[in-house]
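Notes for the one structure printed next.
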Amino acid sequence: MRGAQQPVDIAAFEGAWGSSWPDCPPVANLVRRRYAERWVRFHSLPGAKRYATSPAEHAEILRRHRALLAALLDDRPSADRTLKAITCAWSATPSPTPRDTAVTAAVPEAVHWRSDDLATEPGFHSWQHHYVSRTHLDDPALDQLLLCVADDMTDGVILTDATCAWIFHPYDGGADVFAGSVEARDRLAAAFADWLPATPSGK
């Protein structure tokens with residue numbers, strides 16, 4: 001994305017993740033169970049519409065995602081608006097497997113970071129293989145990745161900053177945000193109140 005990228009320092013990234021989200025795999029529903037007080041959900045289309053059916057609606061999805069990411073990055077200068085993108089592949093074995101073609105096209109330089117067995121029943125295995133790469137808020141290829149998620153072509157994507165201080169998890173219908181603090185979550189929710197779910201559960 002954005003030309004040739006330097007490989008991510010996996011050891012440094014692992015340390016940052018472990019410091020911010022200790023003993024928690026990079027899986028949104030598991031993060032939500034442990035850090036529910038820092039979670040807020042935003043819808044990506046008016047009326048909680050799940051999938052875009054026009055170019056204008058795809059543009060609206062990207063506009064909302066980018067506005068939320070910009071707020072999380074705290075309006076840093078353009079040169080500092082870097083992100084880490086976590087993408088996934090899945091298998092029944094611990095050996096990393098290739099990601100979907102569309103995801104690989106969006107983030108071709110991702111490197112394997114970790115694999116987690118997410119099975120919940122004895123005797124079964126469900127490995128999620130996490131890859132990480134650098135991207136930038138102004139990189140057009142970021143749109144490609146976000147639209148892969150919006151069109152239900154992939155799942156498990158997480159965007160974060162260099163310190164893993166917060167998590168942005170787009171899904172087909174919106175985005176789950178885990179802010180750096182309860183106060184930061186409340187500020188974000190207030191700033192984008194029109195995009196919040198109408199239900200009391202916040203879903």
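Reckoned from all heavy atoms, side chains included, excluding hydrogens, waters and symmetry mates.
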Could you tell me if [Y] and [X] have a donor-acceptor pair between their side chains, going purely by distance under 3.5 Å?
X: His129; Y: Ser115; result: yes
X: Asp176; Y: Tyr171; result: no
X: His58; Y: Asp151; result: yes

Is there a side-chain contact between [X] and [Y], using heavy atoms and a 4.5 Å cut-off?
X: Tyr35; Y: Val182; value: no
X: His130; Y: Asp116; value: yes
X: Leu142; Y: Leu159; value: yes
X: Leu188; Y: Phe42; value: yes
X: Asp152; Y: Tyr51; value: yes
X: Arg38; Y: Ser181; value: no
X: Cys164; Y: Phe13; value: yes
X: Arg41; Y: Arg32; value: yes

Examine [X] and [Y] and state if one hydrophobic cluster contains both, with Ile, Leu, Val, Met, Phe, Trp and Tyr joined whenever side-chain heavy atoms are less than 4.5 Å apart.
X: Leu62; Y: Val177; result: yes
X: Leu146; Y: Phe192; result: yes
X: Leu45; Y: Leu196; result: no

Taking Ala11's backbone N and O only, do any of them form a donor-acceptor pair with Asp9's side chain (distance below 3.5 Å, no angle check)?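 Yes, the answer is positive, given that a donor and an acceptor are paired below the 3.5 Å cut-off.
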Taking the side chain from Arg64 and the backbone from His43, do they hold a donor-acceptor pair closer than 3.5 Å? yes
Would you say the rings of Phe178 and His169 are close, in the sense that their centroids are separated by under 6.0 Å? no
Can you check whether Trp113 and Tyr131 have ring centres sitting under 6.0 Å from each other? no
Output yes when Asp161 and Lys84 qualify as a salt bridge under the 4.0 Å nitrogen-oxygen rule, no when they do not. no
Does Glu183 come within less than 4.0 Å of Arg187, counting only side-chain N to carboxylate O?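 No, Glu183 and Arg187 are not salt-bridged.
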Classify the ring geometry between Trp21 and Trp17 as parallel (under 30°), tilted (30 to 60°) or perpendicular (over 60°). tilted
Per the side chain to side chain contact (heavy atoms under 4.5 Å, CB included) rule, which among Leu145, Thr104, Thr154 passes with Thr87? Leu145
Determine the minimum heavy-atom distance between Ser44 and Gly174, stating which atoms define it.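 Closest pair (atom of Ser44, atom of Gly174, distance): OG-N, 3.3 Å.
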Between atom OG of Ser20 and atom CD1 of Ile167, what is the distance when rounded to the nearest 0.5 Å? 8.5 Å
